[in-house]
Structure formats: structure tokens, C-alpha cells
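The structure under discussion appears below in the form of C-alpha cells.
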Amino acid sequence: MEYVTAANVDVPALGFGTARMDSHDEQRRAVSAALDAGYRHIDTAQIYGSEPAVGEAVRDAALDREELFLTTKLASDNRAYDDAVASTRASLDRLDTDYVDLLLIHSPNDEIPHAETLRAMNDLRDDGLVRHVGVSNFSVEETREAMDASEAPILTNQVEYHVRQRRDDLLRLCVEEGVMLTAYSPLDVGGLADDGDLAEIGDRYGKTASQVALRWLVQQPMVSAIPMSSDPEHIRSNLDVFDFELAADEMERLFDRGGPVDAIRSTLGI
């Protein structure tokens, strides 16, 4: 496993997402399979409905809590100070844990100032219920606003990011400021499994198109990815991306699909 270092913490570069699963049993089985495969970074959210299943799977795995990096996110209607505090405590109950490693604002909400929500998150951090704070689906400007409003460092901005959706401005900000960019839907909700460019590159390494897509992400500075699947074989396969490295021309080829790479070449170090 490789790690991304942000806010003085090492986060597993590849985590496991729990969105878009149909039932509690499916969620629990998938998270259990992920933990068995070696994932130690699990991502959930209040709106996913997967927090209880994550808590059960973690308990059943009998792992030391310190081995895991658990993330959850505040729903949009839990952004006011009191709602943020109360809903986080409820999340901890559902997760059956004393703390989460990372609490995110799930998405911007114009009705509640970021500063109010972040004040609640910082207080939760001071109380030991949250170790790190961050945001999700924030623009570059909104990320900067959050950084200015939070006493604690913003550890990450979690956004959709994959070879079909470039995030140049945000990636540049994250690299410059030491903020992790967490890529959700890193396989374009399964849309990259049959991608010709990825498959051609994968043939050189004995890897699938999906594995190349994930490698492209985690090989970038300050980027982590959280693929999700309920198929144990896919869960294991998605984790198997740390025994090869894409060449600079292969990284460029995949970046070029979203436009010239020159604008971000120095950020990537290629």
C-alpha cells in the first residue's frame, strides 16, 4: 500500500467507497470483503445509509481501530452547528466507534456558512470525536474559503475525478497547499472497464483497464482514490495496483484525453 501525506497524517492512497449499494447486507458483505482484501481506508457518509454496515463489518473483522482510517460526511441538512454536532455523534453510534479519522462537509450549502459548520467540526475535533476535517464537492474557491475558515487543516477535498474528468485547477491547489484530493467514482461508475486506451496500456503490465485507471490516479501527487464494488473479485483486483508504475509518456497520454498536459506538467512532475 502507498500513502498520501496531508495534514501530518499518512492516508492509504486507495480506499473503499460504500455509495450506491442497495441493501445493508450488500454493504456489510462488501466492506467485509474489502477489509479481508487489505483495505484500511473506508469511506462512508450519512446519506449513504452504510454507516451501520461499516460498523458491523469493522467489528466482525476484529481489527485494531488504529489500523483503520474511517471517513464519514455530514448530510446537507446537518450543516448548522447543533445539527453538525448531533449528527456526528449519531454517526459514531452507527459506526460503533469512539471517533472518525475524517469528517467531511459532503457538499456546499449556501444556506449555512461554511465557517459555522467548520466551527462545529473543529469543536468535535477538540473533543476527540473527529481527528481530521475536510470537504467534498467544493470548488477551488470554496476550498480556499474552507481553509481560511477552519482552525484545523483541511485534509482533503473529495470530488469526482478520473481520466474522463480532469481536475487541473483543484489538483494544482492541493499540491501547492498540501491538501489531499480524494477521487470518488475513479472508474467512472464502471465506465472505464472497457476503455481501449486503458486496456492497451494494461496489456503491457498484465493489468486491467480499471487497474490502470486507478494507478493513473494514485501515481499523481496528493491524490487518493476510493473505488467501490460489491463483487469480491473486483474488490481485490482494484487493490492490486501497487506492483507497477506507469511511464511518463503513459501518464501524459491519459492526461491528454482531457486536453494538453502542459498546463499541469510542473504540478505532476512529468
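Between Arg215 and Glu250 there is no salt bridge, since no side-chain N of the basic residue sits under 4.0 Å from a carboxylate O of the acidic one. Ionic pairing of Asp256 and Arg253 is not present here: no N-O contact between side-chain nitrogen and carboxylate oxygen is shorter than 4.0 angstrom.
With sequence neighbours left out, Asp96 forms a side chain to side chain donor-acceptor pair (under 3.5 Å) with Arg59. Remark: Tyr3 pairs with no residue by the side chain to side chain donor-acceptor pair (under 3.5 Å) rule, at least two apart or across chains.
Judged purely by atom type and a 3.5 angstrom limit, Ser237 has no side-chain atom pairing as donor or acceptor with the backbone of Glu233. Within the 3.5 Å criterion, the main-chain N or O of Gln211 finds a donor-acceptor partner in the side chain of Thr208.
Annotation: the span from Asn78 atom CG to Thr117 atom OG1 amounts to 9.5 Å, rounded to 0.5 Å. Here the CZ atom belonging to Arg79 is positioned 7.5 Å from the CG atom belonging to Leu118, to the nearest 0.5 angstrom.
Looking at every heavy atom in both residues, Thr5 comes nearest to Met222 through O-CE, 3.4 Å. The two residues Pro227 and Leu187 make their nearest non-hydrogen contact at CB-CD1, 4.5 Å.
The aromatic rings of Tyr39 and Phe16 stand perpendicular to each other, their planes meeting at an angle above 60°, with 30° marking the opposite boundary. Taking the six-membered ring for Trp and thresholds of 30 and 60 degrees, Phe69 and His41 have ring planes more than 60 degrees apart, a perpendicular arrangement.
When side chains are defined from C-beta on, His106 does not count as touching Gln46, because their heavy atoms never get closer than 4.5 Å.
The stretch residues 97-122 participates, sequence neighbours left out, in these salt bridge (Lys or Arg N to Asp or Glu O under 4.0 Å) pairs: Arg65-Asp101.
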